Asker: 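Would you mind keeping the following structure in view while I ask a few things?
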Amino acid sequence: EQPTVVITGASSGVGLYSALALAKRGWHVVMACRDLDKAYRVAQQVGIPQGSYTLMKIDLGNLSSVRQFVEQFRNWGRSLDALVCNAAIYMPLLKQPLRSPEGYELTMATNHLGHFLLCHLMLEDMKRSTYGDRRMVILGTVTHNPKELGGKIPPQPHLGDLRGFAQGFKDPITMADGGKFEPVKAYKDSKVCNILTMRELHRRFHESTGITFLSLYPGCVATTALFRNHYPLFQKLFPWFQKNITGGFVSEELAGERVAQVVADPEFRQSGAYWSWGNRQRKNAKPFNQEVSDEAGDDAKAKLLWELSEKLVGVP
Ligand code: NDP
């Protein structure tokens with residue numbers, strides 16, 4: 001039977017091209033998006049075949065919307081065979097934090113807490129699936145990792161002892177480590193949380209459920225809308241810089257193809273892995289299970305993050 005995958009943030013960039021790549025492989029794709037008109041338009045533009053996708057509303061920055069999405073998915077009645085947590089916001093120019101309806105800083109709320117709740121709830125759906133190769137995939141990024149060249153540029157991520165989470169993460173708290181608001185760091189912190197979540201899911205549930213938990217760095221996809229909130233000059237120069245100076249440039253099509261491989265190809269079925277094709281894009285670059293940052297590889301922190309995030313999103 002045709003397997004079903006849910007992809008968050010499938011209305012742009014990496015998520016959109018992942019939807020295309022998986023639809024082409026015969027998957028039915030649930031495009032979980034905040035703007036369904038836009039999602040429909042871009043699905044047609046890139047040529048995702050009619051009938052191979054279903055649009056469903058989700059706002060990852062709003063926990064009740066995440067719960068409503070899961071309810072809608074369940075009422076729809078298909079089994080969940082793969083989940084791709086892809087949606088993200090990056091707001092480098094913000095001076096003051098934005099807040100989710102629950103009062104949490106919006107970058108962390110969208111990129112981490114919304115997905116944390118989604119994974120938590122949809123694990124139950126995935127347990128019920130009889131598909132032979134179920135996978136949960138969360139997008140990472142090189143900028144999570146100060147050991148890599150692409151991760152050395154300040155501000156570097158740092159969750160500290162997660163006191164911002166422990167203290168409830170609402171005003172006046174803006175950062176996981178309880179420090180001063182820094183929007184670029186908030187994005188990187190949220191991506192560290194994404195990788196920690198994937199590793200903790202693996203530790204807790206891989207053996208008992210047989211589900212494969214994975215993360216990946218698809219390469220620097222310098223043309224996506226992720227950089228829409230940056231200076232216009234940056235938006236012009238960044239793709240050029242990645243193409244000509246660092247050699248890190250990856251097209252949206254290739255990034256989507258890489259996500260599809262991690263979702264579906266047998267050689268990526270290694271639960272707990274963080275797949276990467278390296279930073280300098282050589283032709284025929286081979287994927288490898290890359291070491292994550294010290295912080296993202298810290299099991300005690302993964303456990304603490306799990307427990308504090310459960311409190312913030314209100315589960316179990
Ligand atoms: P885009 O900005 O192009 O796409 C982000 C997607 O997330 C869009 O579909 C957007 O919706 C959606 N989204 C944002 N906020 C919400 C929300 N509150 N609820 C639901 N959906 C939301 O970014 P990319 O494609 O570049 O990034 C996708 C993933 O890839 C991210 O996780 C990012 O961290 C990761 N990544 C990207 C890299 C890059 O170089 N671009 C490198 C490494 C990792 P809408 O269309 O409505 O705006």
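For the single chain, residues carry numbers from 1 onward in sequence order. This is a predicted model, so every value here is computed, not measured. Just follow the structure's listing: the first ligand is 1, and inside any ligand the first atom is 1.
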Asker: Starting from atom 18 (N) of ligand 1, find the nearest protein heavy-atom neighbour and note its residue, name and distance.
Answerer: D59 OD1, 2.8 Å
Asker: With no hydrogens and no angle check, just 3.5 Å: does a side-chain donor-acceptor pair link R134 and S129?
Answerer: no
Asker: To check your reading of the model: name the closest protein heavy atom to atom 19 (N) of ligand 1, its residue, and the distance in Å.
Answerer: L60 N, 2.9 Å
Asker: So, E105 versus T107: side-chain donor-acceptor pair below 3.5 Å or not?
Answerer: yes
Asker: Give me the nearest non-hydrogen protein atom to atom 20 (C) of ligand 1 as residue plus atom name, then the distance to 0.1 Å.
Answerer: I58 O, 3.4 Å
Asker: Minimum distance, heavy atoms only, to atom 8 (C) of ligand 1: which one of G150, S12, A255, A32 is it?
Answerer: S12
Asker: Do S190 and H112 have side-chain atoms, one donor and one acceptor, less than 3.5 Å apart?
Answerer: no
Asker: I need the nearest protein heavy-atom contact for atom 42 (C) of ligand 1: residue, atom name and distance, please.
Answerer: G219 O, 3.5 Å
Asker: With a cutoff of 4.0 Å, is G140 in contact with ligand 1, counting heavy atoms of the residue only?
Answerer: yes
Asker: Any donor-acceptor pair under 3.5 Å linking the side-chain atoms of H115 with those of T197?
Answerer: no
Asker: Is any side-chain heavy atom of E295 closer than 4.5 Å to a side-chain heavy atom of Q156?
Answerer: no
Asker: Based purely on interatomic distance, does V14 place a nitrogen or oxygen under 3.5 Å from a nitrogen or oxygen of ligand 1?
Answerer: yes
Asker: Can you sort out which atoms of ligand 1 are near I89, meaning under 4.0 Å from one of its heavy atoms?
Answerer: 14 (C), 15 (N)
Asker: Could you give me the CA-CA distance, side-chain angles and deciding distance for D294 and D298, then say whether side-chain contact (heavy atoms from CB on, under 4.5 Å) is met?
Answerer: CA-CA 6 Å; D294 294 341; D298 180 339; over 6 Å; no
Asker: Quick check: does any side chain N or O of K191 sit under 3.5 Å from a backbone N or O of L139, one acting as donor and the other as acceptor?
Answerer: yes
Asker: Is V70 close to L118 at the side-chain level, that is, under 4.5 Å between some pair of heavy atoms?
Answerer: yes
Asker: With heavy atoms under 4.0 Å as the rule, classify the contact between E252 and ligand 1 as side chain, backbone, both or neither.
Answerer: neither
Asker: What protein heavy atom sits nearest atom 6 (C) of ligand 1, and how far away is it?
Answerer: G9 O, 3.6 Å
Asker: Tell me the protein heavy atom at minimum distance from atom 5 (C) of ligand 1, and give that distance in Å.
Answerer: A88 O, 3.8 Å
Asker: Is the shortest heavy-atom distance from the side chain of R203 to the side chain of K303 under 4.5 Å?
Answerer: yes
Asker: If you measure from atom 32 (O) of ligand 1 to every heavy atom of N86, L36, N62, which option wins on shortest distance?
Answerer: N86
Asker: Which ligand 1 atoms are under 4.0 Å away from a heavy-atom of K38?
Answerer: 45 (P), 46 (O), 48 (O)
Asker: Return the option from V250, V221, V84 holding the heavy atom at the smallest distance from atom 41 (N) of ligand 1.
Answerer: V221
Asker: Under a 4.0 Å heavy-atom limit, does Y90 contact ligand 1 with its side chain, its backbone, both, or neither?
Answerer: neither
Asker: Can you label the angle between the F268 ring and the W275 ring as parallel, tilted or perpendicular, going by 30° and 60°?
Answerer: perpendicular
Asker: Can you classify the ring geometry of H206 versus F213 as parallel (below 30°), tilted (30 to 60°) or perpendicular (above 60°)?
Answerer: perpendicular
Asker: For ligand 1, is any non-hydrogen atom under 4.0 Å from T110's backbone (N, CA, C, O), its side chain (CB onward), both, or neither?
Answerer: side chain
Asker: Residue-level breakdown please: for Y187 versus ligand 1, do any non-hydrogen atoms fall below 4.0 Å on the side chain, on the backbone, on both, or on neither?
Answerer: side chain
Asker: Please confirm whether C220 approaches ligand 1 to less than 4.0 Å, judged on its heavy atoms.
Answerer: yes
Asker: Taking N or O atoms only and a 3.5 Å limit, does Y217 qualify as a polar contact for ligand 1?
Answerer: no
Asker: Which of the numbered atoms in ligand 1 are under 4.0 angstrom from any heavy atom belonging to G13?
Answerer: 3 (O), 25 (O)
Asker: Using a distance-only test with no angle check, is there a side-chain donor-acceptor pair under 3.5 angstrom linking W76 and Q72?
Answerer: no
Asker: Does ligand 1 have an atom that lies less than 4.0 angstrom from a heavy atom of T8?
Answerer: no
Asker: Among protein heavy atoms, which sits nearest to atom 23 (O) of ligand 1, and what does the distance come to when rounded to 0.1 Å?
Answerer: L226 CB, 3.5 Å
